[in-house]
Amino acid sequence: MSFLFPVLLLTTSLFSTAILSFLPYMARRTECFSISIPEKEYGSPKLKGLRKRFSEINIILGLLILGVSAWAYSFLGNLRPVVALAILVQYFIVFLIFQYFRGKVKKFKENSEWKNDVATTVTVDLSNEKKGYPSSAWLAVYPVMIAVTVLLGFLLYSRLPARVPIHYDESGTANGFVQKSYMAIFINPILQAFLATVFSVSFLITKSRRRCIDPSNEEESLRRQNIFRNSLGRFFLFGGMLLLLMVTIMQLAMFGVFNSSAIMISSTAVVIIMLVYSAVLRVKVGQGGSRIKTKKPSEGRLNIKDSDDNWKFGTIYWNPNDPAIFVERRWGIGFTMNFARPASYIVIAALILGIIGITMLIKFVH
Amino acid sequence: MTITVDLASNVPIYQQIKSAIVEAISAGKLREGDSLPSVRQLANDVGVNMLTINKVYTILKQEGYITINKRSGALVSRRPAADQAFLKTIRSQIRKTAVQARSRSVSESEFMQICSNVYQELDRETVK
């Protein structure tokens, strides 16, 4: 298995570099480095040049970091801290580079003629159908999977070893154990319940997400948004099932039905499938469906509701006048929260409590 | 089926949404049994408080344009009949408009012309 880890280092590093350099290309066409622009400016030579330069710098940076971390790995022989640190450093530097480019676009906007050409209208869709969105009935698969995992636990209880392995290192050797007890068979289902909650909530949020319609191009913009919404919904639904399935495999491995390499293989496969899937979404669909080809060009004017000042550092959304909690992020794909709404903190607190709760539980069973 | 709201207008947003929905019903773009977005969804889309949309739906319900159902949400009802009370309401509304027209010496025939033009315009916009 030892050859797998340098390969893992190489792929994670190349993958995150690819995603980071692609960031400006998957943004909405009404935004450039988190600064709102009219859609017709998207292809202007100035902004085109900035996007290209950002990508180039990112590729060089990514390769540099890969070189340094490969060197550090050959020294330390321990991969995990190297990969973690490398990714952390990379994201931090890219964040700084992003701020620089955002400043450039801001200046470009200040000197432009269009900066005051702001649309004061909002166009909304009144039809209530969520055409093509997966039915919420699919969410029932999660509790079924959890029930199956619990049931397997009871059925196989006699096969449970006295010391139950619950954690594995990179080479697939167990390094965390709990005592045999009926509690032990609930560790994995509880983890599944947490994952199921997170994915169900994401699925439901995506369903009722805000749709921003361009009045100059209603049909096309609605079409794009719906494709985006539906693909994201399918992604959450499928991703949740995949992760739950992985935990069920972990449950079976606990009883010795599979050996530890099954865990290694299945978790690596899950990670790869999710990464590839999300990459396809980024390239094919883009944020808000921005990468879907349209026949008709949009006017895409600046919007009165969507001020640059509401996006601190271009990434943190703070808008007391917006009742929405979940909004589409400007930089990257997916959602972020309106941190001017107290409800956002409740969501984050619930997430943190969930994670702490699971860790505590495992400690307790221990 | 879309509606457009002007956030910079002097007309309150709830009134804009309300009249846009009534207009869509009048034009046959929304028909009996069509469901409207949930309060949360519409508030999200327009970017206003849920109370604003609640107000819109409550007024529409009072005026008989929609019914609100716990399970299926807001549904467009059968077109309410123009009963005596309703005719009385529009009479007083037209009176206000006529007073303004008259104060600027708009003649009766001119006023009637405008009314019939508006009706024809709405007929043309109606989805058959």
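In what follows, every chain begins at residue 1, and chains take the letters A, B, ... in the order their sequences are listed.
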**Message:** Taking side chain as everything from C-beta outward and backbone as N, CA, C, O, which of these in A/Asn321 sits under 4.5 Å from a heavy atom of chain B? Side chain, backbone, both or neither.
**Reply:** backbone

**Request:** Check whether A/Leu126 gets within reach of chain B through its side chain, its backbone, both or neither, counting any heavy atom under 4.5 Å.
**Result:** both

**Message:** Below 4.5 Å, heavy-atom pairs only: which of B/Ile21, B/Asp6, B/Asp45, B/Asn44 has the largest tally toward chain A?
**Reply:** B/Asp45

**Item:** Enclosure of B/Lys29 NZ (heavy-atom neighbours >12, cutoff 6.0 Å)
**Value:** no

**Message:** Under a 4.5 Å cutoff for heavy-atom pairs, which residue among A/Ser208, A/Ser127, A/Ala324 has the most contacts with chain B?
**Reply:** A/Ser208

**Message:** Are more than 12 heavy atoms, taken from residues, nucleotides or ligands other than B/Gln15, located less than 6.0 Å from that residue's CD atom?
**Reply:** yes

**Message:** Is the ring pair A/Phe235/A/Tyr277 parallel, tilted or perpendicular, if the boundaries are 30 and 60 degrees?
**Reply:** perpendicular

**Message:** Counting only non-hydrogen atoms closer than 4.5 Å, does B/Ser38 touch chain A with its backbone (N, CA, C, O), its side chain (CB onward), both, or neither?
**Reply:** backbone

**Prompt:** Can A/Glu218 and B/Thr2 be counted as having a side-chain donor-acceptor contact under 3.5 angstrom?
**Reply:** yes

**Message:** I'd like to know if the side chain of A/Arg329 reaches the main chain of A/Phe335, judged simply by a donor and an acceptor atom lying under 3.5 Å from each other, with no hydrogens or angles considered.
**Reply:** yes

**Request:** Determine the option with the most heavy-atom pairs under 4.5 angstrom with chain A, choosing from B/Leu30, B/Asn49, B/Leu42, B/Leu36.
**Result:** B/Leu36

